[in-house]
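Worksheet: one structure, shown below.
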2 protein chains.
Amino acid sequence: MAMNGRHSGRPTLEEVALRAGVGRGTVSRVINGSPRVSDRAKAAVEAAIAELGYVPNRAARALAGNRTDAIALVIPEPETRLFAEPYFSDIIRGIGAELADTDMQLLLTLIRTPKERARFAQYLAAHRVDGVLLVSVHEDDPLPDLLEQLEMPAVLNGRRSDLESVSYVDADNVGGARAAVAHLIARGRRQVATITGPPDMYVARSRLDGYRQAVESAAGGLGGFDTALVARGDFTEEGGRRAMRELLVRRPGIDGVFAASDVMAAGARAVLREAGRRVPEDVALVGFEDSAIARHMDPALTSVRQPTEEMGRTMARVLLEEIAERASVRRHVVLATELVQRDSV
Amino acid sequence: MAMNGRHSGRPTLEEVALRAGVGRGTVSRVINGSPRVSDRAKAAVEAAIAELGYVPNRAARALAGNRTDAIALVIPEPETRLFAEPYFSDIIRGIGAELADTDMQLLLTLIRTPKERARFAQYLAAHRVDGVLLVSVHEDDPLPDLLEQLEMPAVLNGRRSDLESVSYVDADNVGGARAAVAHLIARGRRQVATITGPPDMYVARSRLDGYRQAVESAAGGLGGFDTALVARGDFTEEGGRRAMRELLVRRPGIDGVFAASDVMAAGARAVLREAGRRVPEDVALVGFEDSAIARHMDPALTSVRQPTEEMGRTMARVLLEEIAERASVRRHVVLATELVQRDSV
DNA sequence: TGGCGTTGTGGGAGCGCTCCCACGTAGGCT
DNA sequence: AGCCTACGTGGGAGCGCTCCCACAACGCCA
């Protein structure tokens, strides 16, 4: 265990090679799982690695191999607040689980200003990561296009539009919304309204589509799709309040509401209480997301659950695949949602 | 712009040097802000960097400089669920803000199994990060000691005990609890109970200390500290329920409860409702954390707010300082908490 | 005028890997 | 027997930086 000169203490590849009585190349091949190594050499190298407690130097690897073994998880700062929801931690947990037995590192990148966005673009151009995971992408976000242009592997959580070109993993928003509204109708609700998200978000439009489909396919008595029953929210609680007030004015006879998010449902619930409407007796309510709020509302909110952790896992898996293969085949994955029945309907 | 051979396309230090008409060393000095550079050379280099769009290669830097420019944020997996609270995202936001104009990278490391813990230890030993940020540390966690032993800069969120040796940033749990209970007493409550966290967590003990201090320093009529008014919870909703039931049995005359977390307060609130006690008329309730749950409870829960984002910022700042200076001076920072009054008391 | 420091500078020598070329050596074919 | 193809292997040549030594150029002092 001679520790000569300016040596940092950690064993190097070369030292492993020496100990195993083989060349540097052979050790490298063993580490990287190359098949062109004899069993004898492989065993010797593995023994030497274990004895020395050798851990490859990431930086050297990255420099020589022109890769980084790191992927970035990009979160637009304005969204982080929304992500106080279990949603965010579930996604991260899923990603972490998928990455666990890889030796990929997960870099967390918060982007709050255009300046930081530009800086991150530089990062990308300098190839400081092998791939990028993007959550909460808006339609006008230039980042996905930049990524595509740089031929940087990337996976979005959600999509910007029906024509999304970059790989994505999304939940079945249309199906979830349809199920929620169908449930409301099945329970005998006749005037079912919806509180939507901002129309420039694909996810909001999808949930509205689901609502529309359910309403239109419901047999007689409902009178089909009625725009007066659609109020626009913005995924915030206050937005939910405003929308609910509007709806109450426009259609006082409302007996069911599908809110495109639990937070908006919470806002709507508060307004309903103020207006003296009972939930679910007078007005039934369904949310979307199955967040903690849903469970803690009074009455507990029926909501549409997304397979959040699974989405995280899938995103990571898809990204790793895309990194592994050179050709850039786009993958589009849509995972099923599920209605969680509680007491609000 | 000759692009010879296997060149990756990105300009290198050498190319910048060539363009600026200086040597490699000078460019390096400019980039690293060394003062021993003439203004003329500096200007030339900066121009060349701008023209070429040069971005230093991180891996090469790390390899040559024997550092990584990265810090790890370590989150024990069992905790991630708790961190669905704004707490987690606020901490992250704070860290991100502080790191924004550094070129430190933030690595997210989830640890779920002992195996992964061992692996992370290897990481550390291999010096793949310059420093470590630890959240939600338990008393029996061996990681902080390992970090200390490796002389790896580290900052904990919270502390393991009064004698914590590693640097930490914590909220004033004692003060917050004291304020909460004092408030309860000031509102005329005579029998104020508390639901604690697990006694093997320092944070739980601190909040209990605050409770005790407030009770003991309250003038006559309360009869001082009464162990029958202390029920043990575990920071879960179910634990809050159990504790509340116990309390109701032991001291039916209870008119105030300080729960050491909002989640437990939610559990307690449910039990109180079942028992036909009104909040706050019959029993006043205060939580801790000021989470989303607090705002959404009915009635909205008065709670103790921690300066979460500020804690994140401080953690990052302290860690950067510790990395910058070679000597390992431990820093212990305690940030003030604040009582947020709502409707439950 | 000579010696000394001080300032700015160039560039060699690594950092610890991967890539790849070249070299045995052993087996299969004609 | 001779040749060709594998296979397994060693090690040179980088990857793009930082560190540091050496050296020029310019004062300043005695």
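A, B, ... follow the sequence lines: proteins, then strands. Residue 1 opens every chain. Atoms considered below: every heavy atom in the structure, side chains included; atoms not considered: hydrogens, waters and symmetry mates.
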Shortest non-hydrogen pair, A:Ser165 vs A:Arg160, comes out as OG-NH2, 4.1 Å
Counting just side-chain N and O atoms, does A:Ser28 come under 4.0 Å of either OP1 or OP2 of C:dT18? yes
Of the candidates C:dG8, D:dC17, C:dC17, the side chain of B:Leu13 sits closest to D:dC17
Atom CZ of A:Arg36 and atom C1' of C:dC19 are separated, to the nearest Å, by 15 Å
Of the listed C:dT9, D:dG16, C:dG16, the closest approach to the A:Thr12 side chain comes from C:dG16
Here the gap from A:Gln105 atom CD to B:Leu106 atom CG, rounded to the nearest 0.5 Å, amounts to 11.0 Å
Winner on side-chain proximity to A:Ser38, out of D:dT18, D:dG8, C:dC17, is D:dG8
From the candidates C:dT18, C:dT9, D:dG8, the one with an atom nearest any side-chain atom of B:Ala41 is C:dT9
Result for 5'-nearest mapping on DNA chain D, choosing between B:Leu63 and B:Gly25, is B:Leu63
With a 3.5 Å cut-off and no angle check, do the side chains of B:Asn66 and B:Arg61 form a donor-acceptor pair? no
When rounded to whole Å, the CD1 to P distance for the pair B:Ile31 and D:dT18 reads 6 Å
The answer to which of B:Arg24 and B:Ala64 contacts DNA chain C further toward the 5' end, by nearest nucleotide, is B:Arg24
Closest heavy-atom pair, A:Leu147 versus A:Ala154, reported as atoms and distance to 0.1 Å, is CD1-CB, 3.7 Å
* On a plain distance test, is the side chain of B:Arg29 in donor-acceptor contact with the base of C:dG10 below 3.5 Å? -> yes
